[in-house]
S.K.: 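Have a look at this one.
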Amino acid sequence: MAASGRLVSVDYEVFGKVQGVFFRKNTKRTADKLGLVGWVKNEVKPRPGQAVLKTVVGQVQGEESKVSVMKKWLRETGSPKSKIKDAHFRNESIIDRLEFSSFDIRK
């Protein structure tokens with residue numbers, strides 16, 4: 001990690017057609033290319049009287065400028081077959097050190 005870059009951590013959730021389209025695999029690939037750490041997993045939320053909500057959630061950490069690139073990718077690009085409707089980011093904070101050693105796909 002570059003000494004000049006401020007380290008940040010952010011939680012994310014991506015909405016739309018993001019499951020069954022290799023979104024997690026492509027998220028890991030993009031994070032690895034950017035030198036970021038964290039995790040990604042599918043989330044299924046029951047909604048009474050409606051179809052379940054299927055999203056992708058995770059956390060990303062790394063140099064602030066690279067995390068910004070990742071946020072843009074999560075919001076606008078995703079995997080080739082995904083159809084992103086929205087992306088929410090929360091709990092963004094400056095951190096002293098990385099809490100993960102790699103970027104992982106969680107089950």
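Hydrogens, waters and symmetry mates play no part in the numbers below; they use all other heavy atoms, side chains included. Since the structure is predicted, the reported quantities are computational estimates derived from the model, not experimental observations.
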S.K.: Can you tell me if F89 has over 12 outside heavy atoms packed within less than 6.0 Å of its CZ?
M.R.: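 Yes, enclosed.
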
S.K.: Would you mind reporting whether Q59 and F100 have side-chain heavy atoms less than 4.5 Å apart?
M.R.: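 Side chain of F100 against side chain of Q59, heavy atoms only: contact under 4.5 Å found.
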
S.K.: Kindly list each side-chain donor-acceptor pair under 3.5 angstrom involving residues 34-45, sequence neighbours excluded, with atom names and distances?
M.R.:
from, atom 1, to, atom 2, distance (Å)
K45, NZ, E13, OE1, 3.2
K45, NZ, E13, OE2, 2.7

S.K.: Counting only heavy atoms not in K17, do more than 12 sit closer than 6.0 Å to its NZ atom?
M.R.: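 Not more than 12 within 6.0 Å, no.
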
S.K.: Can V57 be reached from L53 by stepping across I, L, V, M, F, W or Y side chains whose heavy atoms are under 4.5 Å apart?
M.R.: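 As far as the 4.5 Å side-chain criterion goes, V57 and L53 are not connected within one cluster.
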
S.K.: Do V8 and S68 touch side chain to side chain, with heavy atoms closer than 4.5 Å?
M.R.: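 Side chain of V8 against side chain of S68, heavy atoms only: no contact under 4.5 Å found.
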
S.K.: Check W73 against T27 and note the closest heavy-atom contact, atom names and distance.
M.R.: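 Result for this residue pair: CZ3-OG1, 3.3 Å.
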
S.K.: Counting C-beta onward and ignoring hydrogens, is there a side-chain heavy-atom pair between R29 and D32 closer than 4.5 Å?
M.R.: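 Answer no - side chains too far apart.
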
S.K.: To check you understand the geometry: which heavy-atom pair defines the closest contact between R75 and I84, and what is its length?
M.R.: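 Distance-wise, the nearest heavy atoms are O-CG2, 3.4 Å.
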
S.K.: Report the C-alpha separation of F15 and H88 in whole Å, then their side-chain angles, then the decisive distance to 0.1 Å, and conclude whether the side chain to side chain contact (heavy atoms under 4.5 Å, CB included) test is met.
M.R.: CA-CA 8 Å; F15 300 83; H88 296 174; 3.4 Å; yes

S.K.: Which heavy-atom pair separates S79 from V21 by the least distance, and what is that distance?
M.R.: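 For S79 versus V21, the nearest heavy atoms are OG-O, 2.7 Å.
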
S.K.: Could you walk me through whether F23 and L74 pass the side chain to side chain contact (heavy atoms under 4.5 Å, CB included) check?
M.R.: CA-CA 9 Å; F23 197 92; L74 289 165; 4.0 Å; yes

S.K.: Do side-chain atoms of K28 reach the backbone of F103 as a donor and acceptor pair under 3.5 angstrom?
M.R.: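 At least one qualifying donor-acceptor pair exists.
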
S.K.: Are F22 and V60 connected in a single hydrophobic cluster, I mean Ile/Leu/Val/Met/Phe/Trp/Tyr linked by side-chain heavy atoms less than 4.5 Å apart?
M.R.: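 V60 and F22: separate clusters.
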
S.K.: Would you say that more than 12 heavy atoms from the other residues, nucleotides or ligands in this model lie under 6.0 Å from the CZ of R97, or not?
M.R.: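 It does not: R97 CZ has 12 such atoms or fewer within range.
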
S.K.: Side-chain contact test, heavy atoms from C-beta onward, threshold under 4.5 Å: evaluate it for L7 versus Q61 and give yes or no.
M.R.: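 They are not in contact (no side-chain heavy atoms under 4.5 Å apart), so the answer is no.
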
S.K.: For the residue pair V18 and V14, what are the closest heavy atoms and their distance?
M.R.: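 In this case the closest contact between V18 and V14 is CG2-O, 3.6 Å.
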
S.K.: Are E64 and I94 close enough that some pair of their side-chain heavy atoms sits under 4.5 Å apart?
M.R.: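 The answer is no, as the side chains (C-beta and beyond) never meet within the 4.5 Å cut-off.
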
